Amino acid sequence: MRQGQDRDDKVLKLLRASPDLFISGQSISNRLGISRTAVWKHVMALRNMGYSIAGSAGKGYRLTPGRDTPFNAVEIRSRLSTEFMGRKVYLYKSLGSTNIKAKELAGKGVPEGTAVIADSQTGGKGRLGRGWFSPAGVNLYTSVVLRPRLDPPKCQGITLMAAVACAEAASKWLPKKPTVKWPNDILIGPKKAAGILMEMDAEADRVNHIILGIGFNLNMTHDMLPKDLRGTAASIMEKTGRTVDRAEFACALYSRLEKWYKVFVNEGIAPVLSAWKGYFDMEGRPIRVNSFEGVVSGICAGVDTEGALLIRTASGRVHRVISGDVEIVRH
Ligand code: BT5
C-alpha cells in the first residue's frame, strides 16, 4: 500500500461534494490536515485510477463526474456511511472465492465488518459444494467477516438477516420489491438474482467468526449465462434496462447489512423475521423441500419463530425444516 493511500478516499469525497467546481489545494490541505504536496500526490493517484480531475494554477482541482465510476476500494470508502461494515475493504481483480479470502483474513484477526470484493471469481461457491457463476465486470461478489457474541445455533438467522439487507438494498434499484426464497435466495420475478452463503467457524458455545458471502447479479446479461442458468438467473439491469453502479450498490448493501446485523444481535430474530416476511410470498403455495431428512412435498405454511420453514403435507402434518432447498411446484 502506498503511504497515505487511505486518504485518497477523503480527497475524492471532498472533490465529489462540489462537482464541477474548483476547490483550492490549500482548502483541501486545511480540511484534511495534510500538506499541499500530499494533496497533489493524492490527486495524481486518483487520476491514475481513472478519475477525471482537472487542475488549474490558482484555482485548484475539479472532479468531472464520469459516466463510468471506477470500481475500486477508494471509490467504495469515499461513498460509505457505515460505522464498521465495509470500512475495511479489500478489492481484488480476481479470486477463487471471496469467502475463502475473507476466511483467511479472519484468521489473521481483521476487525468485524471487514469486506472482501472480487471483480470476478474463478471458484465462486454456493451451498453444498455447488458453484456460483461469477463473470468479471458486471456483478457484486462480496464476503464480510462477522464476530457475533451469540450462541452458534442462534447464528443460523444471519442468512435471513442478510436476505432482508439484500432485498432492502436492491429495492432502491427495482420498480417492484424483490422477493426472498427460503433460506438464501433473492428473486426478481421467478428468477434468482442473488444468493447468500454463510460459513461459521465456532466452538461448542462461541463463534470465532462468520463469513457472510453474497453474490448479487447486477449488470449481467442473458447472453453471458451458461445454458443451465438461462431459465433461472436474473439481474437488476435485465429488469430495469439501467446499469447499476457497483460501488454504489456495494455501499447500499453494507449500510443495510450493518443496520440489520445490529438489530439481529441486539434484539434477536423476531424483528428480522417480521421484515423478512414482507418479502416472502411463498406461503400457501405448493412446494417441495429437499433436506437431509429426504424430500417433503406440501403447502408452505410459512416460517416459525426461529426462522425454520414449515410445510403442511397432505396428511395435515406440519414438517419443520432448518436447512434445505425449496422448489416451488408449478402445475
Ligand atoms: C447460493 O448457493 O445461492 C450461495 C451463493 C453465494 C455466492 C457468493 S459470491 C460471494 C461469496 N463468495 C463465494 O464463493 N460465494 C459467495 P445455492 O443456494 O447452493 O445456489 C447455488 C445454485 O445457484 C447453483 O447450483 C446454480 O444453480 C445457481 N447459480 C449459480 N450462479 C448463479 C448466478 N450468478 N445467478 C443465479 N443463479 C446462480
Side-chain angles (χ1 to χ4, degrees), residues 71 86 89-106 114-146 156 158-160 162-163 165-167 169-170 178-200 209-239 244 246 249-250 253-254 257 287-292 309 321-328:
F71 184 51
V89 58
Y90 296 85
L91 195 146
Y92 298 85
K93 192 118 202 67
S94 177
L95 281 177
S97 152
T98 54
N99 264 40
I100 294 178
K101 177 54 84 179
K103 184 170 177 53
E104 195 182 302
L105 291 168
T114 297
V116 173
I117 299 179
D119 184 47
S120 72
Q121 296 184 116
T122 51
K125 299 201 291 175
R127 293 174 307 150
L128 305 167
R130 292 184 288 236
W132 188 255
F133 177 61
S134 312
V138 284
N139 298 330
L140 180 67
Y141 318 112
T142 185
S143 301
V144 296
V145 177
L146 302 175
Q156 288 308 327
I158 287 185
T159 297
L160 299 181
C166 282
T179 57
V180 290
K181 178 167 163 243
W182 188 92
N184 68 321
D185 293 353
I186 308 299
L187 308 182
I188 297 179
K191 295 185 179 175
K192 180 158 170 170
I196 298 161
L197 175 67
M198 186 195 81
E199 296 183 296
M200 178 157 45
H209 61 251
I210 281 174
I211 307 300
L212 179 63
I214 296 171
F216 216 117
N217 299 333
L218 301 178
N219 300 313
M220 189 165 70
T221 52
H222 194 253
D223 56 328
M224 290 178 183
L225 291 169
K227 273 207 185 82
D228 61 319
L229 294 180
R230 291 217 168 152
T232 57
S235 75
I236 294 185
M237 193 188 73
E238 247 178 12
K239 185 74 197 166
V244 179
R246 288 186 294 160
F249 189 90
L253 181 60
Y254 295 146
L257 274 176
I287 55 170
R288 187 161 39 230
V289 182
N290 210 328
S291 76
F292 292 116
L309 187 72
V321 179
I322 53 168
S323 77
D325 280 313
V326 178
E327 201 187 320
I328 297 165

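Remember, it's 1-based here, ligands and their atoms both numbered in the order they're listed. This one's a predicted model, so the numbers in the text were calculated from it and none came from an experiment.
In terms of the salt bridge (charged side-chain N to carboxylate O under 4.0 Å, His left out) criterion, residue partners of Lys101 (sequence neighbours excluded) are, by chain and number, Glu104. With sequence neighbours excluded, no residue forms a salt bridge (charged side-chain N to carboxylate O under 4.0 Å, His left out) with Lys227.
Looking from atom 38 (C) of ligand 1 to the surrounding protein, the closest heavy atom is Trp132 CZ3, 3.4 Å. Looking only at protein heavy atoms, the nearest one to atom 4 (C) of ligand 1 is Ile196 O, 3.5 Å. Closest protein heavy atom to atom 31 (N) of ligand 1: Phe133 N, 2.9 Å. Counting only heavy atoms of the protein, atom 25 (O) of ligand 1 lies nearest to Arg130 CD, 3.5 Å. The protein heavy atom nearest to atom 9 (S) of ligand 1 is Gln121 NE2, 3.4 Å. When only non-hydrogen protein atoms are considered, atom 1 (C) of ligand 1 lies nearest to Asn184 ND2, 3.4 Å. Protein heavy atom nearest atom 8 (C) of ligand 1, with residue, atom name and distance: Gly215 N, 3.5 Å.
Numbered from 1 in the order shown, with element, the atoms of ligand 1 that lie under 4.0 Å from a heavy atom of Ala233 read 35 (N), 36 (C). For ligand 1, the atoms sitting less than 4.0 Å from at least one non-hydrogen atom of Gly131 are 21 (C), 24 (C), 30 (C), numbered in the order shown with element in parentheses. Heavy-atom contacts of Gly124 reach the following atoms of ligand 1: 14 (O) (cutoff under 4.0 Å). Heavy-atom proximity to Asn217, at under 4.0 Å, picks out these atoms of ligand 1: 33 (C), 34 (N), 35 (N), 36 (C). Close approach to Ser97 involves these atoms of ligand 1, each under 4.0 Å from a residue heavy atom: 12 (N), 13 (C), 14 (O). Interface atoms of ligand 1 facing Thr98, defined by a heavy-atom separation under 4.0 Å, are 10 (C), 11 (C), 12 (N). Interface atoms of ligand 1 facing Lys125, defined by a heavy-atom separation under 4.0 Å, are 5 (C), 6 (C), 7 (C), 13 (C), 14 (O), 15 (N), 16 (C).
Looking at Ile214 against ligand 1, only its backbone comes within 4.0 Å, counting heavy atoms.
Below 3.5 Å of separation, one finds an N or O of Lys192 facing an N or O of ligand 1. Looking at ligand 1, you'll find an N or O of Arg127 within less than 3.5 Å of one of its N or O atoms. Looking at ligand 1, you won't find any N or O of Leu229 less than 3.5 Å from one of its N or O atoms.
Of all heavy-atom pairs between Ala115 and Thr142, the closest is CB-OG1, 4.3 Å. Listed here is the closest heavy atom pair of Ala250 and Ile117: CB-CD1, 4.5 Å.
With respect to Asp325, the side-chain hydrogen bond (donor to acceptor under 3.5 Å, both in side chains) criterion is satisfied by exactly one of Arg130, Arg288, Lys181: Arg130.
Once rounded to the nearest 0.5 Å, the distance linking CG of Leu140 with CG of Leu253 reads 6.5 Å. Within the model, atoms OH of Tyr92 and OG of Ser120 stand 13.5 Å from one another, a figure rounded to the nearest 0.5 Å. Thr232 contributes atom OG1, which lies 7.5 Å from atom CG of Leu225 (distance to the nearest 0.5 angstrom).
Heavy atoms of other residues, nucleotides or ligands lying less than 6.0 angstrom from NZ of Lys191 number more than 12. Within a 6.0 Å sphere centred on CD1 of Ile322, heavy atoms belonging to other residues, nucleotides or ligands number 12 at most.
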### Query
Passes side chain to side chain donor-acceptor pair (under 3.5 Å), Thr221 versus Asp223? Steps please.
CA-CA 6 Å; Thr221 52; Asp223 56 328; 2.6 Å; yes
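Under a 4.0 angstrom heavy-atom cut-off, Leu128 registers as lying outside contact with ligand 1.
A heavy-atom distance below 4.5 Å is not found between the side chains of Leu95 and Tyr141.
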